[in-house]
Amino acid sequence: MGTVVDAANKEANGSLQTEKKVKVVFVLGGPGSGKGTQCANIVQHFGYTHLSAGDLLRAEIKSGSENGTMIQNMIKEGKIVPSEVTIKLLQREIKEISNDKFLIDGFPRNEENRAAFESVTGIVPEFVLFFDCSEEEMERRLLSRNQGREDDNIDTIRKRFKVYMESSLPVIEYYNSKGKVRKIDAAKPIVEVFEAVRAVFSPIE
Ligand SMILES: Nc1ncnc2c1ncn2[C@@H]1O[C@H](COP(=O)(O)OP(=O)(O)O)[C@@H](O)[C@H]1O
Ligand SMILES: Nc1ccn([C@@H]2O[C@H](COP(=O)(O)OP(=O)(O)O)[C@@H](O)[C@H]2O)c(=O)n1
Ligand SMILES: [Mg+2]
């Protein structure tokens with residue numbers, strides 16, 4: 001269990017009155033491995049709230065916020081946005097949504113994300129759901145994703161794969177060294193992947 005503390009409230013009352021105890025599962029894997037697709041299934045069957053870091057960042061661009069242009073440029077390059085930006089968006093959702101269990105999809109994507117989230121929120125994940133899939137398969141899926149995303153082009157896809165190998169896989173290895181990774185063969189068809197996902201969630205429900 002982790003807690004998200006309202007800093008302002010803590011400041012005002014010198015106490016942790018608005019502590020909210022939450023259960024968090026990180027959903028990690030390469031671009032196109034099927035994170036978003038399986039999160040939708042988990043939401044339906046296990047009552048978690050799905051927080052996609054990428055979706056929150058794209059919404060931030062649309063909102064015209066001061067960080068929008070920076071975020072847009074980094075997404076176009078497949079780069080990882082400064083953690084303080086992404087963590088603030090995640091914290092806001094966790095605080096505002098009346099649920100106590102969250103799937104955080106596509107985060108942490110590098111060591112800075114991982115360490116900063118833990119030190120800022122005090123939350124340690126129950127476990128990490130890792131969707132393992134070959135680059136060839138992920139590339140095929142991204143090129144036919146048709147969600148109008150400007151980062152689903154072959155040049156940016158190549159950059160994202162490089163970032164995934166260099167920065168994101170080490171985070172998965174970190175959690176693996178702590179016995180926290182639940183690895184799923186994500187190359188299989190959607191239904192078969194969900195069968196394996198269901199088995200991971202069922203025992204603890
Ligand atoms: N197991 C699967 N087999 C084939 N296609 C898949 C599978 N899972 C997801 N897809 C498709 O691949 C694309 C990427 O899936 P998505 O869930 O957006 O992945 P991610 O969030 O990891 O990038 C989508 O078009 C989705 O419909
Ligand atoms: N923790 C994160 C997650 C996403 N992002 C950015 O958002 C982009 C899209 O993330 P996403 O999770 O929606 O991408 P997919 O894995 O779903 O294809 C990433 O390539 C990064 O540029 C980030 O900077 N930090
Ligand atoms: Mg996704």
Side-chain angles (χ1 to χ4, degrees), residues 24 26-44 50-62 67-91 93 102-118 120-121 125 128-172 183-198:
V24 161
F26 288 145
V27 182
L28 301 178
S33 57
K35 300 184 294 296
T37 301
Q38 296 303 331
C39 282
N41 290 332
I42 299 163
V43 163
Q44 216 183 330
H50 176 207
L51 299 178
S52 159
D55 289 349
L56 291 171
L57 290 167
R58 283 183 286 272
E60 193 65 4
I61 296 169
K62 283 208 186 78
N67 288 320
T69 311
M70 175 271 288
I71 295 170
Q72 184 163 33
N73 292 335
M74 294 195 87
I75 288 181
K76 222 181 292 176
E77 289 306 306
K79 291 197 173 97
I80 297 171
V81 165
S83 301
E84 58 185 338
V85 171
T86 314
I87 291 170
K88 210 172 278 171
L89 299 175
L90 289 167
Q91 265 189 305
E93 298 300 302
F102 294 87
L103 294 170
I104 299 187
D105 167 4
F107 182 99
R109 256 194 159 93
N110 61 13
E111 177 54 22
E112 184 207 62
N113 269 186
R114 186 202 66 71
F117 183 80
E118 196 170 311
V120 166
T121 67
V128 171
L129 196 59
F130 166 39
F131 289 113
D132 185 29
C133 189
S134 70
E135 268 190 21
E136 294 73 24
E137 176 63 14
M138 292 194 289
E139 182 177 306
R140 254 195 305 278
R141 293 178 186 179
L142 292 174
L143 291 174
S144 55
R145 178 150 62 177
N146 301 329
Q147 287 173 4
R149 281 178 44 172
E150 59 179 332
D151 59 342
D152 279 350
N153 65 75
I154 193 63
D155 293 337
T156 309
I157 288 171
R158 290 260 184 283
K159 292 174 183 171
R160 290 159 66 195
F161 284 157
K162 191 164 178 293
V163 167
Y164 171 64
M165 298 298 285
E166 288 172 1
S167 304
S168 309
L169 267 177
V171 171
I172 293 166
K183 184 172 169 179
I184 305 282
D185 175 0
K188 293 183 176 165
I190 292 174
V191 171
E192 285 178 46
V193 172
F194 183 60
E195 284 318 307
V197 168
R198 188 201 290 269

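In each ligand, atom 1 is the first atom listed, and ligand 1 is the first ligand listed. What you see is a predicted model, and the numbers here were worked out from it, not measured in a lab. Just so it is clear, the values below take in all heavy atoms, side chains as well, and ignore hydrogens, waters and symmetry mates.
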Check: If you count the atoms of ligand 2 from 1 in the order shown, which ones are under 4.0 Å from a heavy atom of Ala53?
Finding: 1 (N), 3 (C)
Notebook entry, point to check: Would you say the side-chain atoms of Gln38 pair up with the backbone N or O of Ile190, donor to acceptor, closer than 3.5 Å?
Noted result: yes
Check: Mind checking whether Lys188 has an N or O less than 3.5 Å away from an N or O of ligand 1?
Finding: yes
Note to self: Need the ligand 2 atom indices (1-based, order shown) with element for anything under 4.0 Å from a heavy-atom of Arg145.
What the structure shows: 17 (O), 18 (O)
Check: Atoms of ligand 2 less than 4.0 Å from Val81 heavy atoms?
Finding: 23 (C), 24 (O)
Margin query: Quick one: does any side-chain atom of Thr156 pair with a main-chain N or O of Gly78 as donor and acceptor, under 3.5 Å?
Written below: no
Check: Would you say Phe117 and Thr86 make side-chain contact, with heavy atoms under 4.5 Å?
Finding: no
Item checked: Contacting atoms of ligand 2, where contact means under 4.0 angstrom from a heavy atom of Asn113 -> 1 (N)
Item checked: Check: Ser83 main-chain N/O paired with Glu112 side-chain donor or acceptor under 3.5 Å -> yes
Notebook entry, point to check: Are side-chain heavy atoms of Asp105 and His50 found at a separation under 4.5 Å?
Noted result: yes
Item checked: Any Gly32 heavy atom less than 4.0 Å from ligand 1 -> yes
Notebook entry, point to check: Would you say Val128 and Val171 make side-chain contact, with heavy atoms under 4.5 Å?
Noted result: no
Notebook entry, point to check: Which atoms of ligand 2 are found less than 4.0 Å from any heavy atom of Asp151?
Noted result: 9 (C)
Checklist line | atom 21 (O) of ligand 1 - nearest protein heavy atom and its distance | finding: Gly36 N, 3.1 Å
Checklist line | Criterion side chain to side chain contact (heavy atoms under 4.5 Å, CB included) against Val24, the qualifying member of Ile104, Leu51, Leu90 | finding: Ile104
Notebook entry, point to check: What protein heavy atom sits nearest atom 19 (O) of ligand 1, and how far off is it?
Noted result: Gly34 N, 3.1 Å
Next item on the list: Please tell me if the side chains of Met74 and Pro82 come closer than 4.5 Å, counting only heavy atoms from C-beta onward.
Entry: yes
Next item on the list: Say whether Arg149 and ligand 2 are in contact under the criterion: heavy-atom distance to a ligand atom below 4.0 Å.
Entry: yes
Notebook entry, point to check: Considering only heavy atoms from C-beta outward, does the side chain of Glu139 approach that of Phe161 to under 4.5 Å?
Noted result: yes
Check: So, Arg160 and Asp152, do they make that salt bridge, N to O below 4.0 Å?
Finding: yes
Checklist line | Minimum-distance protein heavy atom relative to atom 18 (O) of ligand 2 | finding: Arg160 NH2, 2.5 Å
Item checked: Heavy-atom donor-acceptor pair, Arg109 side chain to Ser167 backbone, under 3.5 Å -> no
Notebook entry, point to check: Which of these, Val85, Leu57, Leu90, Val27, has its nearest heavy atom closest to atom 23 (C) of ligand 2?
Noted result: Leu57
Checklist line | Residue pair Val85 / Leu57, side-chain heavy-atom distance below 4.5 Å | finding: yes
Next item on the list: For atom 16 (O) of ligand 2, find the nearest protein heavy atom and state the residue, atom name and distance (0.1 Å precision).
Entry: Lys35 NZ, 2.7 Å
Margin query: For Glu84, is there an ion pair with Lys88 - N to carboxylate O distance below 4.0 angstrom?
Written below: no
Margin query: What protein heavy atom lies closest to atom 5 (N) of ligand 1? Include the residue and the distance to one decimal.
Written below: Arg141 NE, 3.6 Å
Next item on the list: Considering only non-hydrogen protein atoms, determine which one is nearest to atom 8 (N) of ligand 1 and report residue, atom name and distance to 0.1 Å.
Entry: Ile190 CG1, 3.6 Å
Next item on the list: Starting from atom 16 (P) of ligand 1, find the nearest protein heavy-atom neighbour and note its residue, name and distance.
Entry: Thr37 OG1, 3.6 Å
Next item on the list: Name the closest protein heavy atom to atom 7 (O) of ligand 2, giving the residue it belongs to and the distance to 0.1 Å.
Entry: Ile75 CG1, 3.7 Å
Item checked: Lys35 side chain vs Gly29 backbone, donor-acceptor pair below 3.5 Å -> yes
Next item on the list: Could you tell me the residue and atom name of the protein heavy atom closest to atom 4 (C) of ligand 2, and the distance to it rounded to 0.1 Å?
Entry: Arg109 NH1, 3.4 Å
Next item on the list: Record the part of Pro189 in heavy-atom contact with ligand 1 below 4.0 Å; permitted values are side chain, backbone, both and neither.
Entry: backbone
Next item on the list: Work out whether the distance between some heavy atom of Cys133 and some atom of ligand 1 is less than 4.0 Å.
Entry: no
Notebook entry, point to check: Which atoms of ligand 2 are found less than 4.0 Å from any heavy atom of Gly106?
Noted result: 1 (N), 2 (C), 3 (C)
Item checked: Closest to atom 24 (C) of ligand 1 among Arg145, Arg149, Lys35 (heavy-atom distance) -> Arg145
Check: Which option out of Ile80, Asp152, Leu89 puts a heavy atom nearest to atom 25 (N) of ligand 2?
Finding: Ile80
Check: Under 4.0 Å between a Lys/Arg side-chain N and an Asp/Glu carboxylate O for Asp155 and Arg158?
Finding: no
Check: Against heavy atoms of Gly30, which atoms of ligand 1 measure under 4.0 Å?
Finding: 22 (O)
Notebook entry, point to check: Should Lys79 be counted as touching ligand 2, given the test is an N or O pair under 3.5 Å?
Noted result: yes
Next item on the list: Below 4.0 angstrom from a heavy atom of Arg58, which ligand 2 atoms are there? Numbered from 1 as shown, please.
Entry: 9 (C), 13 (O)
